[in-house]
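One structure is given below, encoded as structure tokens.
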Amino acid sequence: MTTEMITTRAEQGTEELILAIETSCDETSAAIVRGGREVLSNIVSSQIATHQQFGGVVPEIASRQHVESITRITEQAVRKAGISLRDISAVAVTQGPGLVGALLVGIVAAKSLAMALSVPLIGTHHIAGHIYANALVHELEYPLLALVASGGHTELVLLEREGEFRIIGRTRDDAVGEAYDKVARSLKLSYPGGPHIDRLAQQADRATPLPRSWLESDSYDFSFSGLKSAVLAVINQHGMKGLTLDEPALARGFQESVIEVLTEKAIRAARSAGVRQLLLCGGVAANSGLRQALAERCDAEGIPLLVPPLSLCSDNAAMIAAAAHLKWQRGQFTELDMKGDPGLSLEDWSVSRHRES
Ligand code: KG4
Ligand code: ZN
């Protein structure tokens with residue numbers, strides 16, 4: 001494909017149509033998004049039912065299911081959007097982080113489409129996608145702080161400008177969603193455990209006291225493995241003494257500890273950086289307690305809080321198109337020999353760091 005061809009399409013004046021593909025974990029998704037904002041379609045095929053029997057995502061099975069679904073899901077996305085493949089301006093795909101075999105399926109599909117249609121390819125960062133899911137429904141104002149809470153990530157990301165990512169805090173062990181899933185598993189609840197713990201916590205009339213992991217007083221980092229061990233200790237003690245476990249109380253104790261630490265660190269970071277907005281994103285952003293606690297604290301602090309609708313919290317391809325739009329606007333495209341990168345750095349994906357490869 002020639003640069004000339006890319007320029008011609010970008011300069012047409014009409015807003016671009018991005019076909020995006022997301023296969024980083026256990027959702028196969030394809031979407032068509034116009035101008036980084038208007039979602040014409042966003043098809044998500046979840047593999048949860050398959051992985052449930054194993055209590056978590058089995059990478060090899062995830063890859064195989066992506067292979068089985070990717071063509072059908074992509075065709076559906078194009079059909080639902082009411083467009084023709086010829087209308088597509090660029091193909092975006094999650095380059096990383098994620099399961100390497102799973103990423104590869106989406107990447108091969110995206111490269112084939114980009115080549116066949118002679119349009120640019122945009123390798124996209126999964127977490128940039130979670131953050132920019134908010135741009136599909138809100139007007140973003142910078143500087144802003146994003147609290148990313150998902151199954152694989154827990155990060156505080158400062159964006160001084162559009163497309164510039166700086167991680168100021170991250171988990172030192174388990175991601176928050178991972179902790180939810182592990183605690184749920186030890187309570188014999190099915191995968192993914194987050195929604196079950198959330199539901200149980202709401203039913204509880206009391207909370208089991210559990211520790212808060214604040215780390216050093218000036219740190220924005222997180223740690224959830226100590227909390228997870230504390231929950232396991234409560235379960236084991238009850239088992240050994242033959243006592244009945246108050247599961248809702250334990251779920252509420254766990255959830256309160258998680259929410260308090262996430263909320264307080266996010267608010268402290270937002271205040272200290274003087275941001276104009278706080279964004280919540282990632283699968284755990286679906287948590288009702290977290291949404292409510294952050295909303296109350298942001299209200300008290302006068303910090304506008306943006307949260308995507310539930311359908312855009314969990315993994316989906318529309319969020320990948322929203323992030324890819326940043327690169328489209330700047331003509332920052334990816335070579336067709338791009339590799340999937342399970343450890344792709346968010347900061348390196350910033351628009352100011354784009355390198356012609
Ligand atoms: O962002 P996501 O869909 O996938 C990753 O990129 O990791 O996040 C999935 C995670 C799972 O760990 C799941 O248990 C958690 O999000 N989750 C929740 C809730 N809904 C999903 N955690 C707590 N409360 C919820 N309501
Ligand atoms: Zn995700």
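None of the values given here were measured: they were computed from a predicted structure.
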> Do the side chain of S63 and the main chain of P59 share a donor and acceptor less than 3.5 angstrom apart?
Replying inline: yes
>> Less than 3.5 Å apart, any donor N or O on the side chain of H130 or D315 sitting next to an acceptor on the other?
In response: yes
> How long is the gap from CG on L262 to OG1 on T154, to the nearest 0.5 Å?
Replying inline: 7.0 Å
> V93 and M338: which non-hydrogen atoms are nearest, and at how many Å?
Replying inline: CG1-CE, 3.8 Å
> Does K182 reach the side chain of D174, with side-chain heavy atoms less than 4.5 Å apart?
Replying inline: yes
> Is the backbone N or O of T124 less than 3.5 Å from a side-chain atom of T94, with the two atoms forming a donor-acceptor pair by type?
Replying inline: no
> Should the pair D221-R170 be classified as a salt bridge under the 4.0 Å nitrogen-to-oxygen rule?
Replying inline: no
> For residues Q202 and S288, is any side-chain donor paired with an opposing acceptor at under 3.5 Å?
Replying inline: yes
> Donor-acceptor pair, T263 side chain versus I259 backbone, under 3.5 Å?
Replying inline: yes
>> Pair I83, L40 - check side-chain contact (heavy atoms from CB on, under 4.5 Å), show working.
In response: CA-CA 9 Å; I83 60 155; L40 303 188; 4.3 Å; yes
>> Can a donor-acceptor pair be found, under 3.5 Å and without considering hydrogens, that links the side chain of Q53 to the backbone of T50?
In response: yes
>> With a 6.0 Å cut-off (strictly less than), is the heavy-atom count around CZ of R166, excluding the residue itself, greater than 12?
In response: no
> So, for P342 and G98, which heavy atoms are closest and what is the spacing to 0.1 Å?
Replying inline: CB-O, 3.4 Å
> Under 6.0 Å from the six-membered ring centre of W214 and within 45° of its axis: does the NZ or CZ of K265 meet both?
Replying inline: no
> Less than 4.5 Å apart, any side-chain heavy atom of K111 and any of I107?
Replying inline: yes
>> Is there a side-chain contact between E15 and R37 in this structure, where contact means two heavy atoms from C-beta onward sitting under 4.5 Å apart?
In response: no
> Are L19 and L103 co-members of a hydrophobic cluster defined by side-chain heavy atoms under 4.5 Å apart?
Replying inline: yes
>> So which atom in E27 and which in H66 form the shortest heavy-atom distance, rounded to 0.1 Å?
In response: O-CE1, 3.3 Å
>> Using side-chain heavy atoms (C-beta onward) and a distance below 4.5 Å, is F165 in contact with L158?
In response: no
> Among the clusters formed by ILVMFWY side chains lying less than 4.5 Å apart, do L305 and V148 turn up in the same one?
Replying inline: no
>> When you measure from the side chain of E347 to the backbone of I167, do you find a donor-acceptor pair of N or O atoms at a distance under 3.5 Å?
In response: yes
>> Any heavy-atom pair between the side chains of V176 and N287 that's under 4.5 Å?
In response: no
>> Applying salt bridge (Lys or Arg N to Asp or Glu O under 4.0 Å) to R276 and E139, what does each step give before you reach the verdict?
In response: CA-CA 11 Å; R276 298 178 69 183; E139 210 60 61; over 6 Å; no
>> Could you see if V258 belongs to whatever hydrophobic cluster contains L210? Use Ile, Leu, Val, Met, Phe, Trp, Tyr and a side-chain cutoff under 4.5 Å.
In response: yes
> Under 4.0 Å between a Lys/Arg side-chain N and an Asp/Glu carboxylate O for E68 and R64?
Replying inline: no
> Would you say the side chain of E22 lies within less than 4.5 Å of the side chain of N316, judging by non-hydrogen atoms?
Replying inline: no
>> Treating S257 as the side-chain partner and G253 as the backbone partner, does any N or O pair qualify as donor plus acceptor under 3.5 Å?
In response: no
>> Please determine whether the number of non-hydrogen atoms from other residues, nucleotides or ligands lying under 6.0 Å from atom CZ of R185 exceeds 12.
In response: no
> Transitively linked via ILVMFWY side-chain contacts under 4.5 Å: I131 with V137?
Replying inline: no
> Would a distance-only check, ignoring hydrogens and angles, find a side-chain to backbone donor-acceptor pair under 3.5 Å from E16 to R34?
Replying inline: no
>> Please find the pair of heavy atoms, one from A77 and one from S41, that lie closest to each other, and give the distance.
In response: O-OG, 2.7 Å
> Would you say the side-chain atoms of E164 pair up with the backbone N or O of S352, donor to acceptor, closer than 3.5 Å?
Replying inline: yes
> Under 6.0 Å between ring centres, would you say that holds for F224 and Y180?
Replying inline: no
> So, for A318 and A31, which heavy atoms are closest and what is the spacing to 0.1 Å?
Replying inline: N-CB, 3.4 Å
> Which atom names give the shortest non-hydrogen contact between V33 and L136, and what distance separates them?
Replying inline: CG1-CD2, 4.1 Å
> Would E162 and K327 pass as an ion pair if we require N to O under 4.0 Å?
Replying inline: no
>> Using the rule that Ile, Leu, Val, Met, Phe, Trp and Tyr join whenever any side-chain heavy atoms are under 4.5 Å apart, tell me whether V91 and I320 fall into a single cluster.
In response: no
> Quick one: does T334's side chain have a donor or acceptor within less than 3.5 Å of a partner on G123's backbone?
Replying inline: yes
> With the threshold set at 4.0 Å, does a side-chain nitrogen-carboxylate oxygen contact exist between R268 and E264?
Replying inline: no
>> Between D173 and S225 (side chain of the first, backbone of the second, donor and acceptor by atom type, cut-off under 3.5 Å), is there such a pair?
In response: yes
>> The test is side chain to side chain donor-acceptor pair (under 3.5 Å); show your working for H196 and S190 and say whether it passes.
In response: CA-CA 8 Å; H196 297 300; S190 64; 3.1 Å; yes
> Do M319 and L312 come within less than 4.5 Å of each other through their side chains, counting heavy atoms only?
Replying inline: no
> Are any of the side-chain heavy atoms of L145 and I168 separated by less than 4.5 Å?
Replying inline: yes
